[in-house]
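These notes concern the structure reproduced below.
If you're wondering where the values come from, they're calculated on a predicted model, not measured in any experiment.
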Amino acid sequence: MSEAHSTSLPDAIRQRRSVRGFKPEAIAPEVLQQVFELAQWAPSNCNVQPWQVYVASGETRDTLKQRFTEGVASGKAMTPDIGFMPSLSGVHRTRQVECAQALYGAMGIARDDKMGRMRATLRNFELFDAPHVCFLGMDKSFDTLMALDVGMYAQTLMLAMTAHGIASCAQGSMAYYPNDVREVFGIDDNIAILFGISFGYEDTSVAANEARTIRAPLAESVSFRN
Ligand SMILES: Cc1cc2nc3c(=O)[nH]c(=O)nc-3n(C[C@H](O)[C@H](O)[C@H](O)COP(=O)(O)O)c2cc1C
């Protein structure tokens, strides 16, 4: 499917999920253009559009994948511009654990299988074999307020992908080696890399893609008042 004619917005919202196993086929350049053009219509505070997006395909993608996997294998320090995920507690920790259980369960990784979990984590740096990965950045002087806009952009982009039959996985882990991303793309040092999105066509034979997450009941997140 190259044109997003048939997917309704509710369908796209429900169909999008994190896919962690991709077919090697690249997405046609004209489809890439359509998808990223659509995502440009994301809203932002005062229409500042702070997102800077770097899309790696072909050799650029191969180089980054190689750098990431070699970095992890050699124990190279991870230096995310915006830090690591904080440790969580309470309901947020519970949801985080449920999310991990869904993934490891689908992959057949037992609770005490540390090596299996490590291998699953390493798949991030192999881009889950996706033929494309994009990195979402913004000026380093911007803070939370502008990061909201980049988040808006990211979901708009992933929904645009879904509507075009393209699978994706947002990855905070794609921000762990930001200097490699800046070097390979020739990005100015004043751009922070916030996260990445691996994307391509889903390989439905990959066990990890059987994982399904749930959502909290509406009342846990949303309050209505008249
Ligand atoms: C900002 C962000 C960072 C994420 N980072 C990772 C990651 O590094 N690796 C990964 O496998 N999934 C990552 N995810 C995917 C989440 O685990 C996933 O969105 C969540 O569990 C909900 O599942 P769903 O996307 O299938 O609906 C990330 C998602 C977001 C929004």
**Request:** With sequence neighbours excluded, tell me which residues meet ring-ring contact (aromatic ring centres under 6.0 Å, His included) with Phe22.
**Result:**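 By the ring-ring contact (aromatic ring centres under 6.0 Å, His included) rule, Phe22 matches no residue at all.
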Within-4.5 Å side-chain heavy-atom neighbours: [X] and [Y]:
X	Y	value
Arg111	Gln101	yes
His164	Gln34	yes
Arg17	Glu202	yes
Asp129	Lys65	yes
Phe199	Val19	no
Ile197	Leu136	yes
Arg119	Met107	no

**Request:** Start with the C-alpha distance between Leu159 and Leu9, add both sets of side-chain angles, then the distance that settles side-chain contact (heavy atoms from CB on, under 4.5 Å), and finish with yes or no.
**Result:** CA-CA 8 Å; Leu159 291 180; Leu9 183 59; 4.3 Å; yes
**Criterion side chain to side chain contact (heavy atoms under 4.5 Å, CB included) against Ile166, the qualifying member of Val35, Leu32, Leu157** =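 With Ile166 as partner, Val35, Leu32, Leu157 yield a single side chain to side chain contact (heavy atoms under 4.5 Å, CB included), made by Val35.
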**Asked** Considering the options Leu194, Val53, Val55, Leu64, which one meets the side chain to side chain contact (heavy atoms under 4.5 Å, CB included) requirement together with Phe135?
**Response**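 With Phe135 as partner, side chain to side chain contact (heavy atoms under 4.5 Å, CB included) holds for just one option, Leu64.
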What's the shortest heavy-atom distance between [X] and [Y], and which atoms?
X	Y	value
Ser198	Ala130	CB-CB, 3.8 Å
Ala106	Ala211	CB-N, 3.6 Å
Ala110	Arg117	O-NE, 4.2 Å
Phe125	Thr121	CD1-O, 3.9 Å

Can you tell me how far [atom2] of [Y] sits from [atom1] of [X], rounded to the nearest 0.5 angstrom?
X	Y	atom1	atom2	result
Lys76	Glu70	NZ	CD	9.5 Å
Asp189	Asn179	CG	CG	7.0 Å
Asp149	Phe142	CG	CZ	9.5 Å
Tyr176	Gln171	OH	CD	10.0 Å

**Item:** Check against side-chain contact (heavy atoms from CB on, under 4.5 Å), Asp113 and Tyr104
**Value:** CA-CA 10 Å; Asp113 180 1; Tyr104 296 142; over 6 Å; no
**Message:** Between Arg95 and Glu98, does any NZ, NE, NH1 or NH2 come within less than 4.0 Å of an OD or OE carboxylate oxygen?
**Reply:**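 Here Glu98 does not pair with Arg95 in a salt bridge, since their nearest N and O are not under 4.0 Å apart.
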**Request:** Report yes or no: does Asn209 contribute a side-chain atom to a donor-acceptor pair with the main-chain N or O of Thr204 at less than 3.5 Å?
**Result:**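 No; zero donor-acceptor contacts below 3.5 Å.
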**Prompt:** With Tyr153, which of Trp41, Phe36, Trp51 fulfils ring-ring contact (aromatic ring centres under 6.0 Å, His included)?
**Reply:**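 Among Trp41, Phe36, Trp51, the one meeting ring-ring contact (aromatic ring centres under 6.0 Å, His included) with Tyr153 is Trp51.
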**Message:** Please evaluate residues Tyr177 and Val72 with respect to the criterion side-chain contact (heavy atoms from CB on, under 4.5 Å), reporting the C-alpha separation (whole Å), side-chain torsions for both, the decisive distance (0.1 Å), and the verdict.
**Reply:** CA-CA 10 Å; Tyr177 291 115; Val72 174; 3.9 Å; yes
**Request:** Answer with yes or no whether the hydrophobic clustering places Met138 together with Val48; edges join I, L, V, M, F, W, Y residues whose side-chain heavy atoms lie under 4.5 Å apart.
**Result:**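 Both belong to a single hydrophobic cluster.
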**Request:** Could you go through the side-chain contact (heavy atoms from CB on, under 4.5 Å) check for Met174 and Phe195 one step at a time?
**Result:** CA-CA 5 Å; Met174 287 296 96; Phe195 60 109; 5.7 Å; no
